[in-house]
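Report on the following structure.
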2 protein chains.
Amino acid sequence: MHRHDGHDACRTDAHDMLARAEAVCRARGLQFTPLRREVLGAVADSGKAQGAYDIAERLSAPGRRVAPVSVYRALDFLMEQGLVHRIASRNAFIPCAYDHAPGEGVIFLICRTCGAVDEASTQEVEDGLERTLERAGFTPTHSILEVEGDCGLCREQKRTP
Amino acid sequence: MHRHDGHDACRTDAHDMLARAEAVCRARGLQFTPLRREVLGAVADSGKAQGAYDIAERLSAPGRRVAPVSVYRALDFLMEQGLVHRIASRNAFIPCAYDHAPGEGVIFLICRTCGAVDEASTQEVEDGLERTLERAGFTPTHSILEVEGDCGLCREQKRTP
DNA sequence: CGCGGGTTTGTTACAGTGTATCACCGCAAC
DNA sequence: GTTGCGGTGATACACTGTAACAAACCCGCG
Ligand SMILES: [Zn+2]
Ligand SMILES: [Zn+2]
Ligand SMILES: [Zn+2]
Ligand SMILES: [Zn+2]
């Protein structure tokens, strides 16, 4: 389930992601435009969650300015297609490396040290969550589960510095 | 576990909350200043999550301006004391009506219709969450659990409009 | 080919959220 | 008194996100 270690670039992942994104868009009859490709590439390239303004800055160059609003639009598209997730507690975005089943929940594991964000399945918490909501008489439409802490690699490094 | 129905003011709750806050601060040797009292009152008064700027506006009056920065400082204090929670998905704040045990987790139940936010215990999800994190090799420090949906009362009202 | 209508992008402006900094005040301790 | 400290006021600023409109692009159709 681990995708980024945050200590080592993982361009293969980024490359695979772009290929998958292209396939997804083609299958759905949607445009995987250069801008969308670049934005997804920027998100996938760094091992950590990226803010929209960071992405805009990264894509800008002398002679070419990418405005944040353009990045937001691309991110909206990518999120709708399930290619990118938004991390509410960080106002930041990560690429999604998985094919989530529709309605499937996700837990985001956010490393406070290296900034990497991993995804885990909600499988083991779903029953308990459902019971809790049922008891409260609450009908859910959307859940956010974000856990901050130390990823395995950072924990190792702290133990032997 | 239900605290606000969002359809009916609940000033008793607000009043109790202020009393409890005062007791908590006294017990910890901290100052429950007029501003902090007002901010907590403003948060507790409305049945729904309040933004910092909403609070600032509500506390301001002709001849007296309460700047957002002051509200943020009061909110920081109140959050440190566990008297207020921040709802990450809404950039908003709610009063806490419970005495949480240290390290105890909370699930926020956010009604998309009436805006009320209720709290539920994580008791029934904790085991599953721990197993999931264990498996991912992740050491948690802080969790955010926010569920959006319809509270019981709003669901009723939709059924018989 | 040229036209028409939807989609994408550029550009600007603006709203909303949160923080940094410094000055001032009140109070308690020395 | 004066010194120190926590709280507040005030201004400015950084960061996050959206609205509105124009220009460019794409694609199918006459
Ligand atoms: Zn995902
Ligand atoms: Zn890490
Ligand atoms: Zn609480
Ligand atoms: Zn409701």
Side-chain angles (χ1 to χ4, degrees), chain A residues 21-22 24-26 28-43 48-81 83-94 115 144 146, chain B residues 21-22 24-26 28-43 48-81 83-94 115 144 146:
Chain A
E22 183 147 16
V24 163
C25 291
R26 192 194 321 276
R28 296 177 190 169
L30 302 170
Q31 307 179 35
F32 192 53
T33 65
L35 179 64
R36 289 169 178 171
R37 167 183 291 273
E38 285 175 289
V39 169
L40 179 55
V43 174
K48 47 201 292 191
Q50 296 284 299
Y53 278 65
D54 297 331
I55 298 169
E57 193 174 352
R58 179 191 284 234
L59 295 186
S60 293
R64 183 202 181 199
R65 168 181 135 87
V66 176
V69 62
S70 296
V71 174
Y72 277 111
R73 283 190 291 227
L75 287 171
D76 286 343
F77 171 85
L78 295 169
M79 280 193 291
E80 272 166 25
Q81 305 313 316
L83 298 166
V84 158
H85 295 297
R86 181 178 140 81
I87 308 297
S89 62
R90 294 280 182 112
N91 296 328
F93 303 84
I94 60 163
I144 296 177
E146 298 179 7
Chain B
E22 183 146 16
V24 164
C25 291
R26 192 194 321 275
R28 296 177 190 170
L30 302 170
Q31 305 179 36
F32 192 53
T33 64
L35 179 64
R36 289 169 180 173
R37 168 183 290 273
E38 284 176 290
V39 169
L40 179 55
V43 174
K48 47 201 293 193
Q50 296 284 299
Y53 279 66
D54 297 331
I55 298 169
E57 193 174 354
R58 179 191 284 232
L59 295 186
S60 294
R64 184 204 181 198
R65 169 180 133 88
V66 176
V69 62
S70 297
V71 174
Y72 277 111
R73 282 190 292 227
L75 287 171
D76 286 343
F77 171 85
L78 295 169
M79 279 193 291
E80 272 167 23
Q81 304 314 315
L83 298 165
V84 159
H85 296 296
R86 181 179 142 81
I87 309 297
S89 61
R90 293 280 182 113
N91 296 327
F93 303 84
I94 60 163
I144 296 176
E146 298 179 8

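Reminder, nothing fancy here: chain letters follow the sequence lines and each chain counts from 1. Heavy atoms only: backbone and side chains are in, while hydrogens, waters and symmetry mates are out.
Here the side chain of A:Glu146 pairs a donor or acceptor atom with the backbone of A:Ala88 at under 3.5 angstrom. No donor-acceptor distance shorter than 3.5 angstrom exists from the side chain of A:Arg36 to the backbone of A:Phe77, with no hydrogens or angles considered.
D:dG6 atom C1' lies 11 Å from atom CZ of B:Phe77, rounded to whole Å. Computed from coordinates, the A:Met79 CE to D:dT18 C1' distance equals 13 Å when rounded to whole Å. Separating the CG atom of B:Asp76 from the P atom of D:dT8 is a distance of 12 Å, rounded to the nearest angstrom. Between A:Leu78 atom CG and C:dT8 atom C1' the separation is 13 Å, expressed in whole Å.
Applying the side chain to side chain donor-acceptor pair (under 3.5 Å) test to every pair with at least one member in residues 68-80 of chain B, sequence neighbours left out, gives no pairs at all. Pairs passing the salt bridge (Lys or Arg N to Asp or Glu O under 4.0 Å) check and including a residue from residues 61-71 of chain B, sequence neighbours excluded, read B:Glu38-B:Arg64.
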Pairs under 3.5 Å (N/O, protein and nucleotides 15-18 of chain C):
{"unit_1": "C:dG18", "atom_1": "OP1", "unit_2": "B:Arg86", "atom_2": "NH1", "d": "2.4"}
{"unit_1": "C:dG18", "atom_1": "OP1", "unit_2": "B:Arg86", "atom_2": "NH2", "d": "3.0"}
{"unit_1": "C:dG18", "atom_1": "OP2", "unit_2": "B:Tyr72", "atom_2": "OH", "d": "2.9"}
{"unit_1": "C:dG18", "atom_1": "O5'", "unit_2": "B:Tyr72", "atom_2": "OH", "d": "3.4"}
{"unit_1": "C:dG18", "atom_1": "N7", "unit_2": "B:Tyr53", "atom_2": "OH", "d": "3.0"}
{"unit_1": "C:dG18", "atom_1": "O6", "unit_2": "B:Tyr53", "atom_2": "OH", "d": "3.4"}

Output a table of nitrogen or oxygen pairs between the protein and nucleotides 9-12 of chain C separated by less than 3.5 Å.
{"unit_1": "C:dT9", "atom_1": "OP1", "unit_2": "A:Thr33", "atom_2": "OG1", "d": "2.4"}
{"unit_1": "C:dG10", "atom_1": "OP2", "unit_2": "A:Ser70", "atom_2": "OG", "d": "3.1"}
{"unit_1": "C:dG10", "atom_1": "N7", "unit_2": "A:Arg73", "atom_2": "NH2", "d": "2.7"}
{"unit_1": "C:dG10", "atom_1": "O6", "unit_2": "A:Arg73", "atom_2": "NH1", "d": "3.1"}

Tabulate protein N/O versus nucleotide N/O from nucleotides 26-29 of chain C, keeping only pairs under 3.5 Å, one per line.
none

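Taking CG from B:Asn91 and CG from A:Asn91, the interatomic distance works out to 6.5 Å, rounded to the nearest 0.5 Å.
When the side chain to side chain contact (heavy atoms under 4.5 Å, CB included) test is applied to A:Glu57, no partner is found at least two apart in sequence or on another chain. For B:Glu22, the side-chain hydrogen bond (donor to acceptor under 3.5 Å, both in side chains) criterion is met by B:Arg37, not counting sequence neighbours. Here B:Arg58 pairs with nothing under the side-chain hydrogen bond (donor to acceptor under 3.5 Å, both in side chains) rule; sequence neighbours left out. In terms of the salt bridge (Lys or Arg N to Asp or Glu O under 4.0 Å) criterion, A:Arg86 has no residue partners (sequence neighbours excluded).
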Identify every side-chain donor-acceptor pair in residues 49-56 of chain A under 3.5 Å, counting partners at least two apart or on other chains, and give the distances.
{"unit_1": "A:Gln50", "atom_1": "NE2", "unit_2": "A:Ser46", "atom_2": "OG", "d": "2.8"}
{"unit_1": "A:Asp54", "atom_1": "OD2", "unit_2": "A:Gly51", "atom_2": "N", "d": "3.3"}

